[in-house]
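Structure record follows, encoded as structure tokens.
Here is the naming used below: chain letters follow the sequence lines, and residue numbers restart at 1 for every chain.
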Protein chains: 2
Amino acid sequence: MRNAVRARNGAPDEARMNTLVAPTPEAGSKPAQILEAAGALFLENGYGAVSMDAVAKRANVSKATLYAHFGSKDELFRAMMARECATLLTASTWEEARSLPIADGLRLVGERFVTFVTSPKALAGHRVILGEAHRFPELSRAFFEAGPAHTIRLFTGIMQEAQRRDELSITDPALAAEQFLALIKANMHMKLLLCVTERPTQEEIRHYVNAAVELFVKGYAPAG
Amino acid sequence: MRNAVRARNGAPDEARMNTLVAPTPEAGSKPAQILEAAGALFLENGYGAVSMDAVAKRANVSKATLYAHFGSKDELFRAMMARECATLLTASTWEEARSLPIADGLRLVGERFVTFVTSPKALAGHRVILGEAHRFPELSRAFFEAGPAHTIRLFTGIMQEAQRRDELSITDPALAAEQFLALIKANMHMKLLLCVTERPTQEEIRHYVNAAVELFVKGYAPAG
DNA sequence: GTCTATATAGCGATAGAC
DNA sequence: GTCTATCGCTATATAGAC
């Protein structure tokens, strides 16, 4: 897609920074096996605690084969994160929310969003990225662009739409989007990242999201 | 469950779970030097990327001396985290907020809280803990209790007070506290954890907090 | 391309002198 | 208590046969 070559004129940020796009190897091939093993192990245990031996063993591949496809542990980690982000962040159909009243739309996409970010895989990826943010700053940036920043842009659109329809009185749609996302994640996300609580049920998620929507819609209700 | 010995009567959670309390060695002593070096290195680079040699070298101490005071790398890491949490989380005077109108009180403690969690040390600690949450689950729990959970309890008190005074209409004070904390951190905290932005200025913090307080107070305004 | 076997280095942890 | 020197192990990465 847009790799390495594309940084010429004033290309928009969306196009320039997402360096997490990587070709997906054909299913069943050795590279695919390796990436799958790396994904399972790195996400479970973090970068430092996983050896190349362990990856090779889990992938049913020799270490030499592993190094033939991925030149180093760093490279393997990057490729694995790119693949995980690609599979996790398939843009859902946010459009359907646009046709609903704002509160219902927020409830719909909010619940979907929280369900996603509280999934074990998303949490594991989040944890690993955060733990290695210092060592892999570009990866961290790319993750942010592909993940949180992307989501904020989507919700910013929803906020602008709601304001255009006079359903909400918003002066800074991007800030409002961030606030809403923060509200629905609230403390639950942190607790999950720290492994101090179990995965919430769909009912619990709905309860959190409903409370957040209520607060948000009332807080941004148009005057009069 | 967790400490094996202490789970008898209905002791409050606060007393049972905070295993991060550790004696502070006298300043200038070797243990103090070691802990300081460990703090700098672990917080900067994470657990796996720091060797005991590196800690010893930075502390101007031999590795044998290091092992004489801290039996293993795990133990050193725990002691270091305990010390960092102790120095960072000195309970400020939240009481002063109680005498103010709710919006002013929230602005005051909110700004202080955000200033704290966006400090480089707090961020580094947060990052390391998150990255190693799998490997050190008890440590993670203890951190959560000493940090986020403690803060939520404090803010829950503020919410209850506000409701008693009919300044806010809150049905679930703990949830409201979580919501407020999430709102004022919003996306800024995530961006900082991912190293995709610089430390915010006090003006930026104030701006975020003001926006959050406005939304929160309006959203929980008593009817009528 | 893929394997077995190995090189080389750095790790956590320890022994023994002082 | 503190040091120097070193053990034993495992890590990343590579050489060479097939």
What is the distance, rounded to the nearest whole Å, between atom CG of Asn60(B) and atom P of dC3(D)? 9 Å
Keeping the roles fixed (side chain from His134(A), backbone from Glu44(B)), state whether a donor-acceptor pair exists under 3.5 Å. yes
Nearest whole Å is fine: how far is dT6(D) P from Tyr67(B) OH? 18 Å
Once you round it to whole Å, what is the distance between C1' of dT14(C) and CG of Leu66(B)? 13 Å
Separation of dT14(C) C1' from Glu75(B) CD (nearest whole Å): 16 Å
Rounded to the Å, how far apart are Asp74(A) CG and dA11(D) C1'? 14 Å
Protein-nucleotide distance (Met52(B), atom CE; dC9(D), atom C1'), rounded to Å: 16 Å
Are Arg78(B) and Glu138(B) within salt-bridge range, i.e. N to O under 4.0 Å? yes
When you compare the side chains of Asn187(A) and Tyr208(A), does any donor N or O come within less than 3.5 Å of an acceptor on the partner? no
Whole Å only: how far is the CG atom of Asp53(A) from the C1' atom of dT4(C)? 13 Å
Report which part of the nucleic acid Val50(A) touches: base, sugar-phosphate, or nothing (heavy-atom distance under 4.0 Å, all strands). sugar-phosphate
Tell me whether the side-chain N/O atoms of Thr65(B) come closer than 4.0 Å to OP1 or OP2 in dG1(D). no
From CG of Leu76(A) across to P of dA13(D) the rounded distance in Å is 10 Å
Do Phe143(A) and Phe136(A) make the cut of ring centroids closer than 6.0 angstrom? no
Donor-acceptor contact present, side-chain Lys121(A) to main-chain Phe116(A), <3.5 Å: no
Whether Lys30(A) contacts dC3(C) is assessed here as follows: a side-chain N or O lying under 4.0 Å from the phosphate OP1 or OP2. Is that the case? yes
Mind checking Lys63(B) for me? I need base, sugar-phosphate or nothing, with any heavy atom below 4.0 Å counting as a touch. base
Given dC11(C), is OP1 or OP2 found less than 4.0 Å from the side-chain N or O atoms of Ser51(B)? yes
For dC3(C), does OP1 or OP2 lie under 4.0 Å from any side-chain N or O of Ser62(A)? yes
